[in-house]
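Notes to accompany the following structure.
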2 protein chains.
Amino acid sequence: MPVTVLLVDDEPLVRAGLRAVLDAQPDIEVVGEAADGAAVIPLVRSLRPDVVAMDVRMPLLDGIEATRAVLRSVDEPPKILVVTTFENDEYVYEALRAGADGFLLKRARPAEIVHAVRLVAEGESLLFPASVRQLAAEHGENGGNPAARAALERAQLTEREAEVLRLMTRGLSNAEIAARLVVGTETVKSHVSAILAKLGARDRTQAVIAAYESGFVAPG
Amino acid sequence: MPVTVLLVDDEPLVRAGLRAVLDAQPDIEVVGEAADGAAVIPLVRSLRPDVVAMDVRMPLLDGIEATRAVLRSVDEPPKILVVTTFENDEYVYEALRAGADGFLLKRARPAEIVHAVRLVAEGESLLFPASVRQLAAEHGENGGNPAARAALERAQLTEREAEVLRLMTRGLSNAEIAARLVVGTETVKSHVSAILAKLGARDRTQAVIAAYESGFVAPG
DNA sequence: GATCGTCTCCCCCGCGCGGGGGAGGTCCGC
DNA sequence: GCGGACCTCCCCCGCGCGGGGGAGACGATC
């Protein structure tokens with residue numbers, strides 16, 4: 001059975017584009033559309049889609065509130081893929097915190113869009129903006145310092161947070177990081193929470209994965 | 001102040017080699033040697049080294065028991081770097097479980113040996129055999145299937161464990177992995193524990209790091 | 001001076017994680 | 001037949017982790 005998708009976006013053109021891209025796939029089926037967040041819940045209830053592709057910036061009810069509402073009021077909520085125009089959209093991180101499962105740029109190539117839908121449908125998370133990974137690939141072949149710094153800027157990590165994330169990618173615990181940075185464990189926890197929120201990660205493991213996938217750290 | 005190291009190996013030649021390599025570094029100082037595990041504890045007590053480079057296979061008291069003994073009987077135990085000849089040494093994993101901090105192949109290049117000592121001295125863990133990473137680099141440029149499979153064999157992961165590790169590198173929780181594999185969460189926990197032991201990882205984050213560093217999974 | 005972001009530290013709280021055991025099942029090879 | 005690996009599931013238990021709040025200090029910016 002195909003992956004069923006509900007499109008939620010105030011721009012008809014965007015909906016049409018997503019529908020064209022997704023319906024071209026044999027294993028994906030767009031089962032409905034909505035123009036604002038307020039219409040999402042009844043549609044989710046009646047259509048029971050696997051994935052909701054949700055715009056963040058919408059009239060009446062934005063993507064963040066709509067995400068919360070869906071997760072709160074539906075028993076087996078669909079996966080929620082947040083769609084946005086800007087890679088540096090602060091709303092996106094709020095949406096991810098609200099429980100969204102993934103992140104998608106409107107200007108992503110069709111193959112990437114399809115990939116994103118399949119991934120979240122399978123239950124996996126799209127932690128980092130796809131643009132960050134792309135950016136890391138563009139800057140030099142092996143994601144060195146400039147790429148890492150650029151990725152950092154995209155994720156809007158502060159210097160301290162970046163340092164903490166680096167130590168996290170070395171496998172250190174909060175207490176070990178605290179000892180290394182000569183601060184309290186509570187401080188480290190604050191930084192870690194901020195990192196998780198900004199990266200849309202659920203736990204430190206997902207944050208480390210995001211760091212590798214984005215080129216923030218390179219293996220080997 | 002330099003990193004102080006105690007060498008423990010039954011072969012004088014190996015001790016001499018390690019001493020030559022390490023003493024050539026301005027920031028590393030070999031402060032003592034022992035020929036078997038039984039002599040380690042008093043030496044650790046009197047010399048208080050930062051790092052103990054410990055052979056696994058030794059007469060009287062092997063590296064595993066010696067590691068346990070040191071960690072058990074010394075207040076501020078040194079970091080323990082397990083030294084071995086074979087990358088596929090089952091004793092090594094036991095030693096890591098016993099509390100050793102790192103892993104070193106005797107045939108590693110001098111730079112790698114120095115690096116390993118510095119790393120464990122800093123409190124970081126050398127999770128995976130360095131040989132696995134090297135092996136991943138040799139097999140094709142991007143660590144594809146053959147490299148991953150080879151790395152798997154080195155770590156002696158079973159098929160099921162490899163599958164679980166793969167899902168761990170996707171950021172899934174134990175419950176999510178259980179749902180995906182249609183087994184109980186207790187089963188997943190068993191597999192995860194086995195993976196952590198074989199990889200010498202303390203938690204799932206370190207296991208995921210090891211997976212990336214070894215080429216078991218490739219970013220991007 | 002007021003505001004903002006950053007870094008620092010504190011509280012309470014629930015839960016997932018990992019360690020320590022054990023145990024039954026299948027399949028394979030000796 | 002009998003070990004031995006492997007997969008599966010179970011128990012108890014402690015603790016680290018992460019969420020949700022709040023708050024003070026500092027420097028930069030307006």
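Below, read A as the first sequence line, B as the second, and so on, with proteins coming before strands; counting in each chain starts at 1.
- Whole-Å rounding puts the A:Asp203 CG to C:dG16 P distance at 12 Å.
- Considering only residues two or more places apart in sequence or on other chains, B:Glu163 meets the side-chain contact (heavy atoms from CB on, under 4.5 Å) condition with B:Arg166, B:Leu167, B:Leu181.
- The two residues A:Ala201 and A:Ala207 have their closest heavy-atom pair at CB-N, 3.6 Å.
- B:Arg202 has no side-chain polar atom (N or O) that falls below the 4.0 Å cut-off from OP1 or OP2 of C:dG18.
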Distances under 3.5 Å only, N/O to N/O: pair up the protein atoms with those of nucleotides 8-15 of chain C.
| from | atom 1 | to | atom 2 | distance (Å) |
| --- | --- | --- | --- | --- |
| C:dT8 | OP1 | A:Arg160 | NE | 3.3 |
| C:dT8 | OP1 | A:Arg160 | NH2 | 2.7 |
| C:dT8 | OP2 | A:Arg160 | NE | 3.0 |
| C:dT8 | OP2 | A:His191 | NE2 | 2.8 |
| C:dC9 | OP2 | A:Gly184 | N | 2.5 |
| C:dC9 | OP2 | A:Thr187 | OG1 | 2.5 |
| C:dC9 | O5' | A:Thr187 | OG1 | 3.3 |
| C:dC9 | N4 | A:Ser190 | OG | 2.8 |

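- At the phosphate of D:dC17, OP1 or OP2 sits under 4.0 Å from a side-chain N or O atom of A:Asn174.
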Would you list the protein and nucleotides 26-30 of chain C atom pairs, both N or O, that sit under 3.5 Å from each other?
none

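- Applying the side-chain contact (heavy atoms from CB on, under 4.5 Å) criterion to A:Ala69, with sequence neighbours excluded, gives A:Ile41, A:Arg72.
- Using a 4.0 Å cut-off, no side-chain N or O of A:Thr158 falls inside it from OP1 or OP2 of C:dG5.
- For the pair A:Ser193 and D:dG18, the criterion of a side-chain N or O lying under 4.0 Å from OP1 or OP2 is not met.
- Take A:Ser173 and apply the side-chain contact (heavy atoms from CB on, under 4.5 Å) test, not counting sequence neighbours, and it matches A:Ala175, A:Glu176, B:Arg202.
- Note on the helix from C:dG1-D:dC30 to C:dC30-D:dG1: terminal axis deviation equals 40°, with five pairs used at each end and the result rounded to 10°.
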